[in-house]
There are 2 protein chains.
Amino acid sequence: MPSDAEPAPVSAKTPVTLREVAAAAGVSVATASKALNGQGRMTAETRERIRETARQLGFRPNHLAQSLLRKRSFTVGLLTNDTYGRFSLPLMAGVSDALVDNGVSVFLCNVEDDPRLGQMHVEAMLDKRVDGIIATGKRIDRHLPVDLSNLRVPVVYAFTQPDPGAVGLVSDDAGGARLAVEHFLRLGRRRIAHVSGPASFAVVHTRAQAYRDVLEEHSLPVSEPLLGQWSEGWGRDAVAKLFSNGRGREGWPDAVFCGNDQIARGVIDALRERGIGVPEDVGVIGFDNWEIVAEATRPPLTSVDMNLAALGREAGLALLSLVGGQPAAPGIRKLPCRLVVRQSCGRPPGG
Amino acid sequence: MPSDAEPAPVSAKTPVTLREVAAAAGVSVATASKALNGQGRMTAETRERIRETARQLGFRPNHLAQSLLRKRSFTVGLLTNDTYGRFSLPLMAGVSDALVDNGVSVFLCNVEDDPRLGQMHVEAMLDKRVDGIIATGKRIDRHLPVDLSNLRVPVVYAFTQPDPGAVGLVSDDAGGARLAVEHFLRLGRRRIAHVSGPASFAVVHTRAQAYRDVLEEHSLPVSEPLLGQWSEGWGRDAVAKLFSNGRGREGWPDAVFCGNDQIARGVIDALRERGIGVPEDVGVIGFDNWEIVAEATRPPLTSVDMNLAALGREAGLALLSLVGGQPAAPGIRKLPCRLVVRQSCGRPPGG
DNA sequence: CTGAAAGCGCTTACAG
DNA sequence: CTGAAAGCGCTTACAG
């Protein structure tokens, strides 16, 4: 076989099979298979000749056939009900990132909030013999509209309520809130308010509790968190309450920790409109680190980042090890958040 | 077989095979297969008995095996370089929506802008014998970092530069721009400005040209479009230029058509800060209809929606028909936009 | 009307 | 060192 022969174009309309490679190399299919997989015993020369033939023919093994034999499809399903959301996206990127390196592809399924659609997708994935499933959502305190509790493949939950006995990954919201409040303290702020979303969200309470804890640990006054919507409008309304003249200027906060970035943006806009300076008079911190919002506020917003991509990676790796037969401790694992400092809090007093 | 027997739980750890169904029903695998697929001739009674057995055993055919035979995997690949982006998301939802109804699952692959990663993903998909590939991006004038021009499966391009001879779907940006400008005209606005993104984007010119065309058709003055960034900051800067005192109040626009929603938000904020009323004094229209932005502006923003989900659906259906062997006219197909009216333009003069 | 056989593309004991 | 055989789970001509 001349060594300057060109490799066949991948574009061949019908894929070349092992049988053809074997024929071209003058060996049996079994030998060809072994040569390419590094299995069996044979002369280095034979092995290399077969490999070279395969290369020239542009041979690529049919994974469907391999999967059938191996009982492993190198495929996983990713279930979400947050297609449009900003949460599942970075998460998915992380999942896919972790899995691609291991040669596994991911089926993306959006199940909306439709149990019938969810059921359909899960069955389709099972029929296609996925090795496992990752379920992601937009809230840790809500289930996807599907029962994944008794499947014959492992399931990992990320950012959504896990079934009992299953493994779930979430961000450490309490830790994230601590990061924010402690940052304020470090900057010398002492009258710290908290404006957050609806009481119906578990994270609202988790974050509020951490806020209280930190202040109490420092023997500072805790003002009751203001709960409302996850919106800019509510952020503006909250400013009207917090900075009312009735309260007296000295009663005004010098820092506001917000439950998400949209609230924070509303807060910053309303403060500016009242002539209150950010960060000179008041520091503001958001949650989510949604760049498109955080970078557009004036000044740019310091915000807690939940490290969703990392969370996705962990979820992917956890699933992989379950698929590989490694037992995993069931229960919820919390991953740390990080604070992304921009310009809405100012510099430390002596800084 | 007692009719009140419970169907086996789907959770059986090892899936039941056709062979087991056949054995339980006392027929051959061939007959069982035909019974379940509605093929072959047999008594209705036999067929029903086999079906009932399959149901009771919780039989689900192994798609890997079926695919191997049928040479069709009912699987497609979706390639994107816009994981975090708001464009590919609705688009993906549409694609997936169109395909799920046909029993096809989609592999999602984010190739970033990395040719090596792109190559890897394409090969993985091909190895898994996808029936076809949909390539989506964030710009019609940019290629994905992969060569998809000579694959052995059909490819459809959505919202990204198609290869010559391939089929591509994009939004009709000129039409969308017309929608916006004509809406202003209908409301009696006559001094319409256009603020858009960088000149390096093809859509910037397409939309600007349509803006000019409409005004010329109505013999109205065309002011040169202001090009800058796709950002709120640029929207604010543009207002400073458009509404400078030097120009004289009577030279101020009474409408601003913006190249995207972020620019529009900057424009609205800046106008409010200058005490210019929206929509009383100036109407504003954005592009993209990115709800999170459009609904948060004060007042809420009227915006051109590119119907990306519909575009995704069309892409999915186009691919399906190509996979089915139907020839498709190559070239770019443009899908209409629609105007989503909120409150940033006011009501018609006599309205 | 039903079943035995061949085969999709590959891998893996098992012989020689 | 290499090959023939059996088999993954299914489908589809082809006999009977």
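Every chain is numbered from 1, with letters handed out A, B, ... down the list of sequences. This one's a predicted model, so the numbers in the text were calculated from it and none came from an experiment.
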> Identify the stems formed by DNA chain C, where each pair is Watson-Crick or G-U wobble with both distances under 3.5 angstrom and a stem is at least 3 consecutive pairs.
C:1-3 with D:14-16, C:5-12 with D:5-12, C:14-16 with D:1-3
> Are any of the side-chain nitrogens in B/E52 or B/R55 under 4.0 Å away from the carboxylate oxygens of its partner?
yes
> Heavy atom of residues 28-36 of chain B under 4.0 Å from DNA chain C: which residues?
B/S28, B/A30, B/T31, B/K34
> What distance, rounded to whole Å, do you find between the two P atoms, one in D/dC1 and one in C/dC10?
26 Å
> With B/R129, which residues qualify under side chain to side chain donor-acceptor pair (under 3.5 Å), at least two apart?
none
> Less than 3.5 Å apart, any donor N or O on the side chain of B/S105 or A/K128 sitting next to an acceptor on the other?
yes
> Could you tell me from which nucleotide to which nucleotide of DNA chain D, 5' to 3', there is an atom under 4.0 Å from chain A heavy atoms?
D/dC1 to D/dG9
> Quick check on DNA chain C: between A/L18 and B/T43, whose nearest nucleotide comes earlier from the 5' end?
B/T43
> With sequence neighbours excluded, tell me which residues meet side chain to side chain donor-acceptor pair (under 3.5 Å) with B/D113.
B/N81
> Taking the P atom in each of D/dG7 and C/dA4, what is the distance between them to the nearest angstrom?
16 Å
> Looking at every strand, decide which applies to A/T46 at a 4.0 Å heavy-atom threshold: base, sugar-phosphate, or nothing.
sugar-phosphate
> If you look only at pairs with a residue in residues 94-146 of chain A, which of them pass as a ring-ring contact (aromatic ring centres under 6.0 Å, His included), with sequence neighbours excluded?
A/F107-B/F107
> Measure the spacing between CZ of A/R333 and CG of A/L311 and express it to the nearest 0.5 Å.
9.0 Å
> Is it the case that A/D82 and A/T80 place a side-chain donor and acceptor less than 3.5 Å from each other?
no
> Got a second to check how far B/N110's CG is from A/M92's CE, nearest 0.5 Å?
8.5 Å
